[in-house]
Amino acid sequence: MAHFSGEDQAMLQAMLRQLFHSVKEKITGAPSLECAEEILLHLEETDENFHNYEFVKYLRQHICNTLGPMIEDEMEKWTSNQNQGDEFGYDTIVQHVTKRTQESREYKEMMHSLKNIMMIVVESMINKFEEDEIRSQERRRKIQKEKSSSYCTDNCSDSDSSFNQSYKFCQGKLQLILDQLDPGQPKEVRYEALQTLCSAPPSDVLNCENWTTLCEKLTVFLSDPDPVFSDRILKFYAQTFTLSPLHMTKEIYTSLAKYLELYFLSRESHIPTLSTGVDITNSNVNRLLKKVRLLNEYQKEAPSFWIRHPEKYMEEIVESTLSLLSLKHDQSHLVSQKILDPIYFLALVDAKAVWFKKWMHAYYSRTTVLRLLEKKYKSLITTAVQQCVQYFELCETMKANEVLRHSKPCGNKQKTFYYSGQELQYIYFIHSVCLLGRLLIYKQGRKLFPVKLKNRKDLVSLTDLLVLFTQLIYYSPSCPKMMTSVHLENYSPASMVTEVLRILCDQKECAVECLCNNTVMEALLQPVHNLMKGTKAAPHCSETALIHIADILARIASVEEGLILLLYGENMNSSEESPTGAHIIAQFLKKLLDEDISIFSGSEMFPVVKGAFTSVCRQIYGTCEGLQVLVPYSLHESIAKEWKKTSLLSERLPTPIEGSDSVSSVSQGSQNIVAWEENLLDDLLNFAATPKGLLLLQRTGAINECVTFMFNRYAKKLQISRHKKFGYGVLVTQVASTAAGAIALQSSGFINSLITELWANLECGRDDVRVTHPRSTPVDPIDRSCQKSFLALVNLLSYPAVYELIGNQGLPNKAEYSLREVPACIIDIIDRLIILNSEAKIRSLFNYEQSHIFGLRLLSVVCCNLDTLLLLEAQYQVSEMLLNAQEENTLDTSESHRDFIIDSLSVERNHVLVRINLIGGPVERLLPPRILEKGDDPYPWPMFSSYPLPKCYMSDCVTRNADLKQDNDLGKLFLRFKTSDKQTEWIENCRRQFRKMMKAKPDIISGAALGELLEKLVLHLSESPSECYFPPVEYTATDANVKNESLSSVQQLGVKMTVRYGKFLKLLKDGAESDLTLVLKHCERFLKQQQACVKSSLLCLQGSYTGHDWFVSSLFMIMLGDKEKTFRFLQQFSRLLTSAFLWLPRLHISRYLPMDTIESGIHPVYFCSTHYIEMLLKAEVPLVFSAFHMSGFAPSQICLQWITQCFWNYLDWIEICHYIATCVFLGPDYQVYICIAIFKHLQQDILQHTQTQDLQVFLKEEALQGFRVSAYFDYMEILEQNYRPVLLRDMRNIRVQST
């Protein structure tokens, strides 16, 4: 800006003209010069085109060019300070940089330069106005003349008067105006004085010493009989509210409130009574309502700016308001003669108490309001409660048509302009409900209760008020006639009260304190009780009322404390036999779905009522504890039956005609049927939230439709449910844990969609990224864009899902792959990302290294399930492929030596090879890291391309086995219990001694002694009728009979893995492989005798157990490879209930299970053990339970994996022995307690990995570091005391048809 040319001057003049032209109307419309200045100063806030003005753009660019570099330097300095550890908020940085800029030399020079330039431009523009000099002189003479006048002669316009631009108040002028406003003056003089006052700048009026006197006089003038004059006074009040600072508007407001208070107390005021009603056309009433409305408008605006001023201003406004609203007249005995209080008129202009809602929103004002209500104005709350009570009593004692008849307009007056006494009472009731509802949200507001009412002995407590609100839903008329049809729903008593209760439900603390008690619950369920008895629910109880009640119940059930109340009542340990809320709701829903309640049959709202109460039950049966309570009602069958019936109706709907409006071609009824069908599918789908619920869902035969419905909602990015806080992750994980669920996910298109999305992120990138903006090179092994897809695949690929999706299928292994060929299924992912055994596969990948690492990471996680590992090894020889890849990744350093190339792929392959070939717990094996170390030797771990593995990966500290002396001591200790007639006593003594030894010397419960103890205990248990669960089975096959039978390839590989692990632990010797093979063949034949004949499309049900028998392998090692002892033990053990949960192949398509359970392909360990693990986890370790839901992962899936493979690779061998021994000695429920103890042990790790969003990977890949069964024995005994009766009862019920 050093050189300012003539062109620059002309350009700036043009810019200024454009700006002046654009804001001309706003400036000329200002009532004063100060207001015009204010308008210009706040132009950016009020003018949406502000930043489009050329002058503004010019200034912005000039500032940017001058100060930009300096501001950037300051920002960089502060950013570097922040990186060094100094924490600064964004506002702090902005304030600092702004201050430094304003103090800088550059800023001062820029301002000086701008001032000089603008002075030149403005002076030049003034010089160009010489041709208008004559008119300007005339205008100035006129202005001077008006200045010398004592009042304004222009009565037509406030804004156009030039007097406004230059008038300056002085004490004499204001006193003159006060004198002229006196009622004794002529009307014209008073009007002109008032016009002068309205035209003056508010700041000048306020600064005068006579302001207090003026304020008092204006208050008196509000009652002036001349309507024009009083309206002008009111206009001055409104103008002051709009344009003045708070300290001035506060005085105006308090004076208006005080005036109204005096007006209502005056005997001369013409205030209507309740009997006469309010006629808005009446001039007195009209003026009064205008004043109240002005007061209310300011009430609603004040909270937006009073926090910027001293608290005393806000307190004065609040107190003057509460003082006015608490005003009560001395009433006569007749209610009809009651003079209307101020609160009635405020309710007329603000029926929903918006003013109170805004005042209570911020803590700043809320504390003052609540303090004043408690100390001085509690009567305001009392009268609001009294109004609600009176309205309820009216509804209770009168029939609906009488209530409505009293609500009709009186005489021939128009409804729009007249409110009867009945209508005024109702409007005040609505205002009271909204005010009380807002009050109850806050803890200090609830402390104002109980309150004392007139003509009532007992105090009205918080619970009493909530019961009253609840009863109003079904006692009050559903459609009050006092409102226009547009507002019927918004102002009906039921909808207003329901809205208040909804807000209370959404605040957890408030819901617990207000609604979660038996008294309120009984009130909510009263109409349901009455309908169940076959009587009318309550006077006027309609379908709408029931829908409102169901909505509140569903919201209560979504809160943990509310759910417990519904399930068990307020006193969980009470011996009362009265049904709890959950039972009542379930019975009612059952009757609704079976249409055993005829009162609503044929109604258009009937399906909505059904849906509303199904939604309540959905909140309950969507939890493990809730499902346990609702199982006896077989709601899944009733909902499925209703869905099938509705589905048949929807199939008959006419197809919309092409080219016509779909709304006209399909009736509203048809749309309702489709919506009802979708609601029912959603209700059925929510059974899949728990393991047992998933079994019930599969029994309905609707799982495919439900999963398809879920996928459609997922694809549309719709919320899973109104009350669910997290997404579809848990549901998908639960469904994917079963064979039928995996098939449903595949047929729905879910898996295809997941893989397509993965491929787009992994290989294709986003289409909308510009070529000039290349993607950054990924830093993490799995790029953040692919992390979500990776976790989804980890959730999906449980062993039941893997077997159904890839079992008995070979890889495509094509000779050539098109670059546009996108994988569509799990087989394709394995073929394209994991087993890259050809150049064609490698060339088909755009990002070979990144994509292959993704595949190897996925393989690493999936193979943590040993059954999945054996399946992949059996079908695709995964380890051979990895070894070959390592072999190819070497360099010849000499004729006899080759070095491995260390890169991300070889390091990842090395990790996977060690993981899949070495079995052991956290102490027994060492896994190489996936990252390089700093220093000269970045990767000290040896790589290999052939077996055996380097010994460095096998731990030296593998045995904590007791020596022979300890074994002998343990054996002698237990042999003291001689077999006697009291076999039960011997068993209990044995269990008691086991508990003692596990707590005192757990390490000696191992080795040969453990095998002998288990053998002896199981022998006695199998001979005790009370301990046996399954009937005896005669088995006569010999070794010769089974020798020629063959095991599955998975079983054969499992045998080799077991023997390798056993030899590593020094438990097995040479020849163990053939012995274990023989034991497994005997077991297969033995169990086949007890299997049912099943025809199913599921692969897992088409033959023997699909995985390896890890329990038999573990037992074989406990018995030190003795095949006879092992099989003898298994035959005896098979009679015990514990065998159903420890030995998974025991109940594979077993005839002891109900046929529908067999056909589901779901094992009792899943629908019973893991179901209770989730239930106990929520109660005992709630933070971990929440972490699972936040991660979109289900505890049931990882627990099923742990239990299926007997914790191999997760626990050290001695802990595996303790797990098996504990369950055999103490019962199958200890399986659940041990899993809960593990989660309790892992709590901190789980919470940490929830934050890093890799919980699934952590739980599947990592061993259970530091966990010992014995360390949690005391804790597990507490769990046994609390939960054993329920768990054992349900475990014994696995043979029952209805779970």
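The chain is numbered in sequence order, starting from 1. It should be emphasised that the depicted structure is a prediction, and the values quoted were computed from it without experimental measurement.
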### Query
Between the side chains of Ser1191 and Gln1256, is a donor N or O closer than 3.5 angstrom to an acceptor N or O?
no
### Query
Looking at OG of Ser851 and CG of Asn847, how far apart are the two atoms once the value is rounded to the nearest 0.5 Å?
5.0 Å
### Task
Give the intermediate values and the outcome of side chain to side chain contact (heavy atoms under 4.5 Å, CB included) for residues Ile755 and Ile826.
CA-CA 8 Å; Ile755 292 172; Ile826 300 300; 4.1 Å; yes
### Query
Can any side-chain N or O of Asn889 pair as donor or acceptor with the backbone N or O of Ala885 at less than 3.5 Å?
no
### Query
Do Tyr953 and Asn910 get their side chains close enough for a donor-acceptor pair, meaning under 3.5 Å?
yes
### Message
Centroid separation under 6.0 Å, is that true for the rings of Tyr1219 and Tyr1210?
### Response
no
### Task
Using atom types as modelled and distance alone, determine if a side-chain donor or acceptor of Gln1052 lies under 3.5 Å from a backbone N or O of Leu1047.
yes
### Query
Okay, side chain of Gln1253, backbone of Thr1250: is any donor-acceptor separation there less than 3.5 Å?
no
### Query
Any idea which heavy atoms bring Pro800 and Ala739 closest together, and the distance?
CB-N, 3.9 Å
### Query
Do Glu757 and Ser789 meet the criterion of a side-chain donor-acceptor pair at a distance under 3.5 Å?
no
### Query
Would you say the side chain of Met943 lies within less than 4.5 Å of the side chain of Thr890, judging by non-hydrogen atoms?
no
### Query
Parallel under 30°, tilted from 30 to 60°, perpendicular over 60°: which one fits the rings of Tyr803 and Tyr799?
tilted
### Query
For atom CD of Glu887, is the number of surrounding heavy atoms from other residues, nucleotides or ligands below 6.0 Å larger than 12?
yes
### Donor-acceptor under 3.5 Å (Asp867 side chain, Gly1107 main chain)
no
### Task
To the nearest 0.5 Å, tell me how far Thr1170 OG1 sits from Leu1200 CG.
6.5 Å
### Query
Out of curiosity, Ile827 CD1 to Arg832 CZ, how far, rounded to the nearest 0.5 Å?
14.0 Å
### Query
Atom CG in Asn752, atom OG in Ser747: separation rounded to 0.5 Å?
11.5 Å
#### Entry: Glu1261 and Arg930: CA distance, side-chain angles, deciding distance, salt bridge (charged side-chain N to carboxylate O under 4.0 Å, His left out) verdict
CA-CA 13 Å; Glu1261 282 196 337; Arg930 289 177 162 121; 3.1 Å; yes
### Task
Using atom types as modelled and distance alone, determine if a side-chain donor or acceptor of Glu804 lies under 3.5 Å from a backbone N or O of Ala742.
no
### Message
Taking the ring of Trp1110 and the ring of Tyr1105, is the distance between their centroids below 6.0 Å?
### Response
no
### Message
Checking the side chain of Thr868 only, and the main-chain atoms of Cys864 only, is there a donor and an acceptor separated by less than 3.5 Å?
### Response
no
### Query
How far apart are the closest heavy atoms of Glu908 and Leu856, and which atoms are they?
CG-CB, 3.6 Å
### Task
Count the heavy atoms belonging to other residues, nucleotides or ligands that lie under 6.0 Å from CD of Gln1102, then report whether that count exceeds 12.
yes
### Query
Is the shortest heavy-atom distance from the side chain of Glu821 to the side chain of Lys814 under 4.5 Å?
yes
### Task
Can you see which heavy atom on Ser1114 is nearest to which on Trp1213, and at what distance?
O-CH2, 3.4 Å
### Query
Any sub-3.5 Å donor-acceptor pair from His1148's side-chain atoms to Gly1103's backbone N or O?
yes
### Message
Looking at every non-hydrogen atom in both residues, tell me the closest pair between Lys1063 and Leu1068 and how far apart they are.
### Response
CG-O, 3.7 Å
### Message
Give me the atom names and distance for the closest heavy-atom approach of Gln734 to Ala688.
### Response
CB-O, 3.2 Å
### Task
Assess the side chains of Glu849 and Ser904: does a donor N or O sit below 3.5 Å from an acceptor N or O?
yes
### Message
Angle between ring planes, Phe1193 versus Phe1188, binned at 30° and 60°: parallel, tilted or perpendicular?
### Response
parallel
### Summary
In this structure, CD of Glu924 is separated from CG of Leu926 (nearest 0.5 Å) by 11.0 Å
### Under 3.5 Å donor-acceptor, Gln1205 side chain and Trp1208 backbone
yes
### Task
Say whether, by atom type as modelled, one donor and one acceptor occur between the side chain of Lys1260 and the main chain of Val794 under 3.5 angstrom.
yes
### Message
Ignoring hydrogens, what is the shortest heavy-atom contact between Asn917 and Ser879? Give both atom names and the distance.
### Response
ND2-CB, 4.2 Å
### Query
Can you tell me how far the OG atom of Ser1196 sits from the CG atom of Leu694, to the nearest 0.5 Å?
8.5 Å
